There are 2 protein chains.
Amino acid sequence: MSTEVKASPRERLLEAAATLTYRDGVGIGIEALCKAAGVSKRSMYQLFESKDELLAASLEERASAFVATLLPAADDGRSPRERILHVFEQVELQAGAPEFRGCRYLAVQIELKDQSHPASRVAHRVKGNLTAFFRAEAEHGGASDPELLARQLSLVFDGASARAGIGADNLTGLIAPTVATLLDTAGVR
Amino acid sequence: MSTEVKASPRERLLEAAATLTYRDGVGIGIEALCKAAGVSKRSMYQLFESKDELLAASLEERASAFVATLLPAADDGRSPRERILHVFEQVELQAGAPEFRGCRYLAVQIELKDQSHPASRVAHRVKGNLTAFFRAEAEHGGASDPELLARQLSLVFDGASARAGIGADNLTGLIAPTVATLLDTAGVR
DNA sequence: AGAAAAATAAACCGATCGGTTTCCCGGTCG
DNA sequence: CGACCGGGAAACCGATCGGTTTATTTTTCT
């Protein structure tokens, strides 16, 4: 029993940053982050250049969990249509949790406004990857216009998670028929 | 020519608040708002109880312009389908402007996170009104499930403006076919 | 045990936050 | 003229911001 019974300061900081910025916004203070992580500011600034970099790194680290949670396994036997629907089933599932606040990557970009901010860049990349997944599946599924379908699905993804995040809609019975309609129209059976 | 050659301090404050919070976020300082409005903090705090109330009031005031810009005239001769499409044409138009940053009401709610914040409540109401418009038109247009269609359209509205606002998509050729697909499926010709 | 390295807590920095108060100037009255 | 008064400029308040530094403790290594 030698391997990592406890998380490293770095991991704890990334975790705290991800959790607290998601709940309270990027305006959360460094002091609060360090306190939550049980790490001194001094150590934090040896591990990260700045708050901006910590924020960007925490989004980066969460990216793998993001895709792991949403995307289906790379080679499961299911059809492109089923694989796409799987993503939205996961969104609806997450939206049920009371602490759900929408897609963190969208929220960070909206809060920061500055597209050149390191964290905004990470967020932009992660969202680009999701769109790329949709496009690949759309192509594989024989969509009439894979690029269009991918953009439509990304739009629905962001719209759904945003509206659920602000409590404007609980998504029940909304996502599945909407996505199905788009898939049908695109010719993805 | 006696009526309002210049805006009142109150109007200037509301305008400055709307402009600056839209560009820089709700974290913008009171000092900057007052400076931009050409009003002293002293006067500002005589006109508004707090920053929160100023923010809420500025959103409230912008609400009429919001609906005036997006919604068609109440009694133009067009069909429900055309009236719904009109809204999204306006969104696509606005998204072309370089300073466009997505729907301000959605942004405010995401930034504040607190749903009980006065400004969040105003935002929630305004968005509810838009959904109500969609629902009314959906009913009038004979949609098979007006409530579902209204939620779908709201979802597309928020998704589209959010993604355009963060520079993830320029919406060109995206909204019209998407909305048309939803309208078709709902049976709104 | 004792030197060396690392990590902590906390003081500190200048700047800014939302909000209050003081001061002072320019009008408008009697 | 002189008393008044609204409002602007700016000082001021305690709190917090991101970030640095000091001093002390804890850990590690020999």
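Note that the structure is a prediction, hence the values are computed from the model and not measured. Letters A, B, ... mirror the listed sequences (proteins, then strands); counts begin at 1. Side chains included, hydrogens not; waters and symmetry mates left out as well; all remaining heavy atoms used.
Which of C:dG18, D:dG7, C:dA7 sits closest to the side chain of B:Lys51 comes down to C:dG18. When each of D:dG8, D:dC17, D:dA23 is scored by its nearest atom to the side-chain atoms of B:Val39, the top-ranked nucleotide is D:dG8. Checking C:dC23, C:dG18, C:dT8 against the side-chain heavy atoms of B:Tyr45 singles out C:dG18 as nearest.
For C:dA10, the OP1/OP2 oxygens have no side-chain nitrogen or oxygen of A:Ser40 closer than 4.0 Å.
A residue-by-residue look at A:Arg42 and B:Arg42 shows that B:Arg42 has its nearest nucleotide of DNA chain D further toward the 5' end. Between A:Ser43 and B:Gly27, the residue anchored closer to the 5' end of DNA chain C is A:Ser43, taking for each the nucleotide with the nearest heavy atom.
With respect to the salt-bridge test (charged N to carboxylate O, under 4.0 angstrom), the residues B:Arg135 and B:Asp145 do not qualify.
Residue-to-nucleotide contacts include a donor-acceptor pair under 3.5 Å from the side chain of B:Lys41 to the base of C:dG19.
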Discussion item. B:Glu61 vs B:Arg10, test: salt bridge (charged side-chain N to carboxylate O under 4.0 Å, His left out). Steps then yes/no.
Written reply: CA-CA 11 Å; B:Glu61 203 229 16; B:Arg10 177 164 215 277; over 6 Å; no

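Taking CD of B:Gln109 as the start and NE2 of B:His117 as the end, the distance is 11.5 Å to the nearest 0.5 Å. Atom OG1 of B:Thr69 and atom CD of B:Gln90 lie 7.5 Å apart (nearest 0.5 Å).
Within 4.0 Å of B:Gly38, counting heavy atoms only, lies no atom of the nucleic acid at all. Residue contacts for B:Leu33: at a heavy-atom cut-off of 4.0 Å it reaches no nucleic acid atom on any strand shown. Counting non-hydrogen atoms under 4.0 angstrom, B:Ile28 reaches the backbone sugars and phosphates but no base.
Taking atom CG of residue B:Leu47 and atom P of nucleotide C:dT20, one finds them 14 Å apart after rounding to whole Å. For the pair B:Gln46 CD and C:dG19 P, the computed distance is 15 Å after rounding to whole Å.
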